[in-house]
Participant: 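Here it is: the structure, laid out below.
In what follows, chains carry the letters A, B, and so on, assigned in the order in which the sequence lines appear, proteins first and then strands, with residues in each chain numbered from 1.
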Amino acid sequence: MSDISQEQSITTTHQEEINELMKRRREELEELKRRNVNPYPYEFNRTNFSQEILSGFTDDMPQWNVSIAGRIMSIRRMGKASFCHVQDSQGKIQVYLKKDDIGEAYDSFRLLDIGDIIGIEGYVFRTKMGEISVHAKRIELLAKSLRPLPIVKEKVDEQGNKQVFDPFSDKELRYRQRYVDLVVNPKVREVFIKRTKIVNSIRRFFDSRGYLEVETPILQPMYGGAFARPFVTHHNALDIDLYMRIADELYLKRLIVGGFDAVYEFSKDFRNEGMDRSHNPEFTMLELYVAFKDYKWMMELVEHLVSTVAIDVNGSATCTVGNNEIDFTPPWKRLTMFDAIKEYTGRNLRGVSEEEMKKIMKELHLEVAPGMNTGNMIDEMFSEFVEPKLIQPTFITDYPVEMSPLAKRHRSEPGIVERFEVILNGHELCNAFSELNDPLDQRARFEEQMKLKAKGDEEAQVLDEDFLRALEYGMPPTAGLGIGIDRLTMVLTNQDSIRDVLFFPQMKPEVTK
RNA sequence: GAGCCCGUAGCUCAGUGGUAGAGCAUUUGCCUUUUAAGCAAAGGGCCGUUGGUUCGAUCCCAACCGGGCUCACCA
């Protein structure tokens, strides 16, 4: 895309009609300026957060002077006194303003609205109705809000249960204007804080083992490491097309060749595919490679990692996902791909020829698409009959070689690679294998992929000559792992859409009115 | 990509073939410990866009735009 067309495609909203509510706020802004109130001052000395006031106050304590700052979320005016709730990053606290105490500022307070950001200095007290509040001695406007905020009212009953009225719930508006969503829906903030905790917990877990966090290219001259269609972009100075990475696998393995014992990366990956509840075109994948280890070792690491993260973040190794109670406590059940299919369909596929397998597919009322090999059929039967049934975390091991061009052949079973996936709540959570380090076999596998590509399989992998060169220098035996961070977050926060664990999920462009 | 559903006031939603309604929010008045504050009054809408049917469309039909759900794709 050229610079010019980009500029033209930018949505402009400043011409948007200003409705009465917005007009009124602008008038108030002008009036405040006339009264020599700076509606956008430079700083405010906050000394306390709402939560620490609410939890720290006792009725018999000496006068506690505090200074808070935040957004006005509700106002109840009663002539010469008013109450409002001020929301900061920790929560909300009520503020009491009395004309006798703040004088002229009380008249300016009349010009303030829900959504304005203010600073309050005062002392803490408890109202007749029992709510711990700040009695204002001074009020300062810190930022005037020019747009009406959706009003969400809540009532707390005697049991302390919150009842919410008129929630801001339109998903399109919530995603497009996440800033409003975050202001108005406190639970949304919690999900994202938890997401960060998850990432930090994983990082701590790896760092404490001496694994090295690294960064590898996002713009790649050649994409690889997964089955997916890439985004293509163009570098003007070099005049070459570059691909946004679909995985960082091949780069991390180059680093293992280079002599690092263990490397990991939280990788923003990009796949040019459909979007739905569990797919966003850009997403976060954690990849880890550890030298001199195999996939069996990696299974123990994964159990330990995920249960540790769950406890770190939720305080418990069990959590609720939808209607299911999931327990991450190790050890997790292990099943080979063939045994899993046998368990759930009663068919033994071990050593079965392609022709026989087609027959079995038909018996199970599954369609055999043209060009399907045994690997595809096994995958189909697995996703149809097994995956949805696996609720508790389960290792599925030993995949057909056709499905795994970067995994090492099984040490004792032909046609199979040393690979596992963790299935949880009916969905894939992670993928790992003993990494293929035989450069000749790797070349042969790439060539198989290129044949598929030539046949029109757009997601087949591309032969990467430089990666092969690296392997030819010699890569130690290595265990590799990929975990979808968005999916893990969905599980640990009990969200059923990826859009609810991404601040700014991909949306079609907003239409300018 | 297919099917189904949705788009009405700042927010959440009713509604009708004769150009619209509620609650909250907003404005005005009263009210110096209220709390989904209250009482009284008022303003606010090209009923997603463009066509069609009709004397007349927010309502019926079509296309388009945006969104949601389900399925497919996603190794």
Participant: What interatomic distance, in whole Å, is found between P of rA36(B) and the corresponding atom of rG67(B)?
Facilitator: 38 Å
Participant: Would you measure the distance from the P atom in rC73(B) across to the matching atom in rG51(B) and give it in whole Å?
Facilitator: 40 Å
Participant: Whether Lys171(A) contacts rG68(B) is assessed here as follows: a side-chain N or O lying under 4.0 Å from the phosphate OP1 or OP2. Is that the case?
Facilitator: no
Participant: Using the P atom as the reference point in each nucleotide, state the distance between rG68(B) and rC13(B) in Å, no decimals.
Facilitator: 15 Å
Participant: Under 6.0 Å from the six-membered ring centre of Phe338(A) and within 45° of its axis: does the NZ or CZ of Arg350(A) meet both?
Facilitator: no
Participant: Out of rU35(B), rC69(B), rU32(B), which nucleotide sits closest to the side chain of Arg277(A)?
Facilitator: rC69(B)
Participant: Please determine whether a side-chain nitrogen or oxygen atom of Lys153(A) lies at a distance below 4.0 Å from atom OP1 or OP2 of rA25(B).
Facilitator: yes
Participant: Classify the side chain of Ser74(A) and the base of rU35(B) as holding, or not holding, a donor-acceptor pair under 3.5 Å.
Facilitator: no
Participant: Answer yes or no: does a side-chain N or O of Arg499(A) lie under 4.0 Å from OP1 or OP2 of rC69(B)?
Facilitator: yes
Participant: When the P atoms of rA40(B) and rA22(B) are considered, how many whole Å apart are they?
Facilitator: 15 Å
Participant: Take Leu173(A) and Ala81(A), find for each the nucleotide of RNA chain B with the closest heavy atom, and name the residue whose nucleotide sits nearer the 5' end.
Facilitator: Leu173(A)
Participant: For rC60(B) and rG7(B), measure between their P atoms and round to the nearest Å.
Facilitator: 10 Å
Participant: Are Phe395(A) and Trp332(A) close enough that their ring centres sit under 6.0 Å apart?
Facilitator: yes
Participant: Is any side-chain N or O of Arg76(A) closer than 4.0 Å to OP1 or OP2 of rA37(B)?
Facilitator: yes
